[in-house]
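Please read the structure below before turning to the comments.
For ligands, and for the atoms within them, numbers begin at 1 and follow the listed sequence. Just so we're clear, the structure is a prediction, and the values are computed from it rather than from any experiment.
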Amino acid sequence: MTSPRTDNPQQIAVIGTGYVGLVTAAGFAELGNEVWCVDIDADKIDRLNRGEIPIYEPGLAECVARNTDRLHFSTELAPALEHARLLFVAVGTPPTYSGDADLSAVNAVVDAMPATDRHALVMKSTVPVGTGATIKREFARQGKGFAYVSCPEFLKEGAALEDFLEPDRVVVGDDGDWAGQAVCDLYAPLGAPLVRTDVPSAEMVKLASNAFLATKISFINEIANVCEETGADVAEVARGMGLDRRIGGHFLRPGIGFGGSCFPKDVSALKQLAGNSGYHFQLLTAVIEVNELQKRRVISKLQKHLGSLVGRHVALLGLAFKAETDDMREASSLVLAARLQADGASVSAYDPVATDEARKLMRGVDFHADPLSAADGADAVILVTEWSEFASLDWQAVRERMTGTLLVDGRNFADRDAVRVAGLVYEGIGRS
Ligand SMILES: NC(=O)c1ccc[n+]([C@@H]2O[C@H](COP(=O)([O-])OP(=O)(O)OC[C@H]3O[C@@H](n4cnc5c(N)ncnc54)[C@H](O)[C@@H]3O)[C@@H](O)[C@H]2O)c1
């Protein structure tokens, strides 16, 4: 991918250097801008200053290294405020117990801003509709002349840098002032379709997009479940549906439910937002419920073949919520491992990059450095994440290491025929 270059380099700031912030900073630096990055996590900033990349994201380390002269990392806000007028906010907005978005990190950033009228906050964090209006009121109350722009982020972990450099669209919600225009100018070299709108509509584009994608996943998962009852093959069904341009083939892959740091929390935040505004969003309630049940259906598949799981040994291949990331937030593997253990099974696991993260979140799981040793002595293997290395797995070798013969393909990813030729019993999602 050859990156475009800006002919009008700017100095900008990015507050929060996690998955979104670091990719945004590296992406804008790649375009030729100078980026002042701020994070409250001193350890993360130290690592970044040593040239270490705290997360796994393809191409990110190389991009940061290429642009090291234009990237500055600090725990201090002052240098960012001195050099940049646009301050992109990319701090976390995790779910609260009620399912609403927790805005405490966003509010901390707002409170940390000085009284100045030459800066703008550009919100990349995913926030409920109405947050921009509240922040603008708060700025006015605190006597801070900050401008405000909503610029939601749509990148996919695993292809985040690519998505930054070749976005399907850029959404900018603003009050028609200098800041909105400055954000549009910054993105202009990418040549992406621009949706310039008001702040609440920009906020809603983000939530509605994620809710729609999650709905598509839960929909095809339910179709898969009906396929299992009726003898249809969901892979054929999805192919036939996806070729209809009104439907499209993306996000029509059935599996063991969506996870990650965005879909579960954003769907729940939109549902809560609707509820708080007096509207019961019935469809999203079903989307969430279908997703939870989907994660657990794997257990019934195991029981169908093995009976009771007490004393059984199950190997999980892949732990991250999807391939090409080390992100374990809301990963289906967490639910699976906990359910298996609760039902009396022992669990071994392998993931190419997420094991360090997984160790912090999973108890009593036996982690391995390769898929074959994870499969050692297993009654069943579950393919949890669609890592490309599993596509070429030697199923004969897996079979030889196992005690049992069951493979549950939670992503319909393995070559069914190769699995069967190896002497394994193949159980996919929505396929007879
Ligand atoms: N991860 C994704 O795929 C993705 C995609 C689109 C949008 N988003 C949204 O972007 C936002 C960030 O997500 P993420 O996955 O990058 O989160 P993250 O947890 O990876 O990173 C957040 C960073 O913000 C830092 N931080 C917290 N409070 C701070 C403060 N007061 N000042 C400076 N830094 C602070 C944290 O230390 C952390 O490094 C969320 O709202 C998320 O919903 C995420």
Next item on the list: Indicate, as side chain, backbone, both or neither, the part of Arg329 found under 4.0 angstrom from ligand 1 when only non-hydrogen atoms are considered.
Entry: side chain
Note to self: So, regarding Glu153 and ligand 1 (criterion: nitrogen or oxygen to nitrogen or oxygen, under 3.5 Å), is there a contact or not?
What the structure shows: no
Item checked: Contact check: Phe154 vs ligand 1, nitrogen or oxygen atoms, below 3.5 angstrom -> no
Note to self: Give me the nearest non-hydrogen protein atom to atom 11 (C) of ligand 1 as residue plus atom name, then the distance to 0.1 Å.
What the structure shows: Val91 O, 3.3 Å
Checklist line | Nitrogen or oxygen of Asp266 less than 3.5 angstrom from that of ligand 1 | finding: no
Note to self: Nearest 0.5 angstrom please: Glu324 CD to Glu157 CD, how far?
What the structure shows: 12.0 Å
Margin query: Looking only at the side chains, is there a donor atom on one of Ser218 and Asn221 sitting less than 3.5 Å from an acceptor on the other?
Written below: no
Checklist line | Interatomic distance, Leu31 atom CG to Gln10 atom CD [nearest 0.5 angstrom] | finding: 11.5 Å
Check: Quick one: which ligand 1 atoms are inside 4.0 Å of a heavy atom on Ile15?
Finding: 32 (N), 33 (C)
Checklist line | Distance-only N or O hit between ligand 1 and Lys206, under 3.5 Å | finding: no
Check: Between Phe251 and Phe263, how do the two ring planes meet: parallel, tilted or perpendicular, split at 30° and 60°?
Finding: tilted
Next item on the list: Quick one: look up the protein heavy atom nearest atom 21 (O) of ligand 1 and list residue, atom name and how far away it is.
Entry: Gly18 CA, 3.2 Å
Next item on the list: Enumerate the atoms of ligand 1 whose separation from the nearest heavy atom of Lys44 is less than 4.0 angstrom.
Entry: 38 (C), 39 (O)
Check: Taking the six-membered ring of Trp36, is the NZ or CZ of Arg70 close enough (under 6.0 Å from the centre) and on axis enough (within 45°)?
Finding: no
Check: At what distance, to the nearest 0.5 angstrom, does CD1 of Ile256 lie from CD1 of Ile299?
Finding: 10.0 Å
Notebook entry, point to check: Which bit of Lys156 gets closer than 4.0 Å to ligand 1, counting heavy atoms only: side chain, backbone, both or neither?
Noted result: neither
Note to self: Is there a polar contact between ligand 1 and Asp41, counting only N or O atoms under 3.5 Å apart?
What the structure shows: no
Note to self: So, using side-chain hydrogen bond (donor to acceptor under 3.5 Å, both in side chains) as the criterion, who are the partners of Asn412 when residues are at least two apart?
What the structure shows: none
Check: What's the spacing between Ser392 OG and Asp415 CG if we round to 0.5 Å?
Finding: 11.0 Å
Item checked: Closest protein heavy atom (residue, atom, distance) for atom 25 (C) of ligand 1 -> Asp39 OD2, 3.2 Å
Notebook entry, point to check: Is the distance between the ring centroids of Phe258 and Phe321 under 6.0 Å?
Noted result: no
Checklist line | Protein contact of atom 3 (O) of ligand 1 - nearest heavy atom, named by residue and atom, plus distance | finding: Glu157 OE2, 3.2 Å
Notebook entry, point to check: Among protein heavy atoms, which sits nearest to atom 9 (C) of ligand 1, and what does the distance come to when rounded to 0.1 Å?
Noted result: Thr126 OG1, 3.4 Å
Next item on the list: Starting from the C-alpha separation in whole Å, work towards a yes-or-no answer on salt bridge (Lys or Arg N to Asp or Glu O under 4.0 Å) for Glu62 and Arg66.
Entry: CA-CA 6 Å; Glu62 295 82 348; Arg66 262 196 312 279; over 6 Å; no
Item checked: Ser125 and ligand 1 - part of the residue with a heavy-atom distance under 4.0 Å -> both
Next item on the list: Under 4.0 Å from a heavy atom of Leu155: give me the atoms of ligand 1 that qualify, with their elements.
Entry: 3 (O), 5 (C)
Margin query: Need the ligand 1 atom indices (1-based, order shown) with element for anything under 4.0 Å from a heavy-atom of Thr93.
Written below: 40 (C), 41 (O), 43 (O)
Margin query: What protein heavy atom lies closest to atom 42 (C) of ligand 1? Include the residue and the distance to one decimal.
Written below: Lys265 NZ, 3.8 Å
Item checked: Minimum-distance protein heavy atom relative to atom 44 (C) of ligand 1 -> Val20 CG2, 3.2 Å
Next item on the list: Run the ring-centre check on His119 versus Phe146 and record whether the distance is less than 6.0 Å.
Entry: yes
Margin query: Can you confirm whether the side chains of Arg363 and Gln341 place a donor and an acceptor under 3.5 Å from each other?
Written below: no
Next item on the list: Working to the nearest 0.5 Å, report the span between CZ of Arg253 and CZ of Arg411.
Entry: 8.5 Å
Check: With a cut-off of 4.0 Å, which atoms of ligand 1 are near a heavy atom of Gly92?
Finding: 22 (C)
Note to self: As an exercise, identify every atom of ligand 1 less than 4.0 angstrom from a heavy atom of Ser261.
What the structure shows: 1 (N), 2 (C)
Margin query: Starting from atom 30 (C) of ligand 1, what is the nearest protein heavy atom, named by residue and atom, and what distance separates them?
Written below: Ile40 CG2, 3.7 Å
Check: Which ligand 1 atoms does Cys262 reach within 4.0 Å, using its non-hydrogen atoms?
Finding: 2 (C), 3 (O), 4 (C), 5 (C), 8 (N), 44 (C)
Next item on the list: Sequence neighbours left out, what passes side-chain hydrogen bond (donor to acceptor under 3.5 Å, both in side chains) with Ser98? Give chain and number order.
Entry: Thr96, Asp100
